[in-house]
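The structure appears below as structure tokens.
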Amino acid sequence: AEVLAIAASLDVDPDAAAASTSGHATEEPEAEGTAEPVDIEGVELTETYAFPSGVTFSYPETWTLDESAVSDFMVMLTSKDALAGFLQVYDLPALYGQMELGLDFIQETYAGTIADTFGFDFDAADFKTTEVAGRELSVLAFEGEQNDMPTVGYLVIIPYADGGFGLITTYVVGDVPENYEQNILAIAASMDVAE
């Protein structure tokens, strides 16, 4: 329910989005070699989902597609390995239409929403560039408590080959499944527009 509340709470001002962009990428890229590489060896992505836009991603069989939470721009997966594990995957061009979104706008909008929802203290500056399978992802990791239980989550922004972006929001309440971070980053690295 809280994950759906995050999605419902996203209210984007088109003027603010347009003002923050001048094409798809508005920030200077980090210097070469500054992305932290992550090894996803051993993560098996056996299932694939395709958005109507043609964007696809793959995920492990330990995650289940929630058929009640599927739209043209977002799907939700639940973890079979966690007491409460959720993963939402967004195709941002399908969500925002023709509006060009810059990385800085996406970071500010979604980090603020997650911070407000969970009461965490972070912002767009807390994103780290992480290299996974040759792709540079913008990753925000967070942890805290939800209903007196430990909560771990990630917000991952995925650049598409065509200049658009995908987004993953995920968190687990309670015990964190083994290789949780590697699974999330492998799913993110698999997301792209159809060739």
Side-chain angles (χ1 to χ4, degrees), residues 1-27 45-60 63-79 84-118 124 127 130 132-133 135-140 142 153-172 183-195:
E2 291 168 5
V3 173
L4 295 177
I6 293 169
S9 70
L10 296 174
D11 184 19
V12 176
D13 176 358
D15 294 331
S20 74
T21 62
S22 60
H24 288 288
T26 59
E27 291 186 346
L45 304 178
T46 58
E47 311 297 320
T48 299
Y49 181 82
F51 285 99
S53 65
V55 169
T56 63
F57 69 92
S58 298
Y59 56 96
W63 289 86
T64 303
L65 182 67
D66 181 347
E67 298 288 345
S68 68
V70 172
S71 72
D72 286 350
F73 60 84
M74 188 274 295
V75 297
M76 187 163 85
L77 304 172
T78 55
S79 172
F86 304 95
L87 176 97
Q88 286 183 303
V89 182
Y90 294 88
D91 177 20
L92 294 181
L95 175 60
Y96 293 110
Q98 297 301 312
M99 186 178 0
E100 292 186 358
L101 303 176
L103 180 60
D104 57 345
F105 172 77
I106 298 167
Q107 288 174 334
E108 290 169 16
T109 300
Y110 286 90
T113 300
I114 297 291
D116 291 346
T117 301
F118 290 102
F127 278 89
T130 304
V132 181
R135 302 209 35 214
E136 289 196 359
L137 310 175
S138 184
V139 180
L140 174 65
F142 59 91
Y154 296 90
L155 186 60
V156 184
I157 302 170
I158 305 106
Y160 295 162
D162 70 356
F165 294 93
L167 174 75
I168 290 178
T169 61
T170 182
Y171 72 93
V172 166
N183 278 284
I184 300 310
L185 295 177
I187 293 168
S190 77
M191 188 175 186
D192 211 342
V193 294
E195 294 181 21

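Only heavy atoms go into these numbers, but all of them, side chains included; no hydrogens, no water, no symmetry mates.
- No hydrogens or angles considered: nothing links the side chains of T56 and T48 as a donor-acceptor pair under 3.5 Å.
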Determine, step by step, whether V193 and F51 satisfy the side chain to side chain contact (heavy atoms under 4.5 Å, CB included) criterion, reporting the C-alpha distance in whole Å, the side-chain angles of both residues, the deciding distance to 0.1 Å, and the verdict. CA-CA 9 Å; V193 294; F51 285 99; over 6 Å; no
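- Contact of the P60 side chain with the I187 side chain is registered, since non-hydrogen atoms from C-beta on lie closer than 4.5 Å.
- To the nearest 0.5 Å, the span separating OG1 on T64 from CG on L87 amounts to 11.5 Å.
- Between V75 and Q88 the shortest side-chain heavy-atom distance does not fall below 4.5 Å.
- Expressed to the nearest 0.5 Å, how far CG of L103 lies from CD of Q107 amounts to 4.0 Å.
- Between Y96 and I106, the closest side-chain pair of non-hydrogen atoms is not below 4.5 Å.
- Atom CG of L95 sits about 8.0 Å away from atom OG of S71, to the nearest 0.5 Å.
- Note that OG of S190 is 12.0 Å distant from CD of E47, once rounded to the nearest 0.5 Å.
- Using modelled atom types, no side-chain atom of R135 and backbone atom of T130 make a donor-acceptor pair closer than 3.5 Å.
- Interatomic distance, L167 CG to D91 CG, rounded to the nearest 0.5 Å: 10.5 Å.
- Here the CD1 atom belonging to I168 is positioned 8.5 Å from the CG atom belonging to L185, to the nearest 0.5 angstrom.
- The aromatic rings of Y110 and Y90 sit tilted relative to each other, their planes meeting at an angle between 30° and 60°.
- Side-chain atoms of D104 and F127, non-hydrogen and from C-beta on, never get closer than 4.5 Å to each other.
- Under the 30°/60° scheme for interplanar angles, the aromatic rings of Y59 and F57 are found to be tilted.
- Side-chain contact between L137 and I157 is absent, with no heavy-atom pair separated by less than 4.5 Å.
- Under the 4.5 Å side-chain criterion, counting only non-hydrogen atoms from C-beta, L140 is not in contact with Y154.
- Between A188 and V156, the shortest heavy-atom contact is CB-CG1, 3.6 Å.
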Check the pair F73 / L92 against side chain to side chain contact (heavy atoms under 4.5 Å, CB included), numbers first and verdict last. CA-CA 7 Å; F73 60 84; L92 294 181; over 6 Å; no
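- The aromatic rings of F86 and Y171 are tilted relative to each other, their planes meeting at an angle between 30° and 60°.
- Across every non-hydrogen atom of G164 and P93, the tightest pair is CA-CG, 4.2 Å.
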Taking it one step at a time, do M191 and V55 satisfy side chain to side chain contact (heavy atoms under 4.5 Å, CB included)? CA-CA 7 Å; M191 188 175 186; V55 169; 3.9 Å; yes
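- Side-chain atoms of Y49 and S58, non-hydrogen and from C-beta on, never get closer than 4.5 Å to each other.
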